[in-house]
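Since this is a predicted model, take the numbers as computed values, not measurements.
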Amino acid sequence: MRIGVTLAILMATTSTALAGGGFEIVIPGRPGVPVIINGVDASYSVVEGDWGLLRGTHVQPTVYGGRYDDPVPRVGHYYPSAGHLPGYGRLEIEPPANRRLPQPAESYHQSWSAQSAPLPAQSNVPVNPPEIIYAPQDDRRPRRHPTGLLPRP
């Protein structure tokens, strides 16, 4: 009887580990922050084939209901040499060649520099150098008996 109950509990607890491989519904962890899978915004959509950490192989997930998210928007470009006006944005105005030029700007120059402080004069070794003072040897560790135990007093 005990073996049957133990076997039933073991089968019930390990059956959830074998439940992978289906589909998952992606819910973002923070509002307003999309979940991007292979360039597709997968927020609140169904993802199939995502094994996560279950397998050691890479499986290409399929996103159902997501929308394509382009990180670099593809906008038109404006080349002034083509002679066309831009579709939107700034309006480039080419000035005429015989216009009156503005006055040239006054000259401006600024520089910075850095240098080390001058070194003090070299001093000779003193005639009577100070004496060397040796620190006393202080051995305050407890003495150990050769057997590793302290002898009894």
Side-chain angles (χ1 to χ4, degrees), residues 1-123 133-145 147-150:
M1 179 67 179
R2 289 183 186 175
I3 294 175
V5 171
T6 306
L7 188 60
I9 291 174
L10 184 63
M11 288 173 51
T13 56
T14 58
S15 64
T16 58
L18 301 174
F23 64 90
E24 289 84 20
I25 298 175
V26 179
I27 299 175
R30 299 179 77 184
V33 179
V35 177
I36 306 295
I37 299 175
N38 296 336
V40 176
D41 182 9
S43 300
Y44 305 105
S45 59
V46 175
V47 176
E48 182 182 45
D50 181 23
W51 295 98
L53 299 175
L54 181 65
R55 308 259 172 136
T57 59
H58 178 70
V59 177
Q60 189 71 21
T62 306
V63 179
Y64 297 103
R67 59 185 170 86
Y68 180 72
D69 184 37
D70 192 7
V72 180
R74 308 206 188 281
V75 297
H77 300 281
Y78 171 58
Y79 299 101
S81 62
H84 301 291
L85 292 177
Y88 60 92
R90 66 181 184 191
L91 180 62
E92 294 286 334
I93 299 175
E94 299 292 334
N98 58 356
R99 70 183 188 281
R100 190 173 137 244
L101 297 175
Q103 287 183 332
E106 62 184 54
S107 64
Y108 177 78
H109 177 74
Q110 188 173 8
S111 66
W112 292 269
S113 65
Q115 63 184 16
S116 301
L119 296 174
Q122 295 289 334
S123 63
I133 302 172
Y134 291 101
Q137 297 294 326
D138 188 16
D139 191 16
R140 295 185 182 182
R141 292 181 294 169
R143 299 278 181 194
R144 294 277 180 182
H145 197 266
T147 62
L149 301 174
L150 292 175

Original post:
Can you find a pair of side-chain heavy atoms, one from S113 and one from Q115, that are under 4.5 Å apart?
Top reply: no

**OP:** Answer whether the closest heavy-atom distance between the side chains of Y44 and V26 falls below 4.5 Å.
**Re:** no

Subject >> Exercise: identify the closest heavy-atom pair between G66 and S45 >> reply: N-CB, 3.9 Å

Subject >> Nearest heavy-atom neighbours spanning P28 and V33 >> reply: CB-O, 3.5 Å

**OP:** Mind jotting down which residue pairs meet the side chain to side chain donor-acceptor pair (under 3.5 Å) criterion with at least one end in residues 96-105? Sequence neighbours excluded, please.
**Re:** none

Original post:
side-chain contact (heavy atoms from CB on, under 4.5 Å) between T62 and V47: does it pass, once the steps are laid out?
Top reply: CA-CA 6 Å; T62 306; V47 176; over 6 Å; no

Original post:
Hey, is CG on L101 packed in by over 12 heavy atoms from elsewhere, all under 6.0 Å?
Top reply: yes

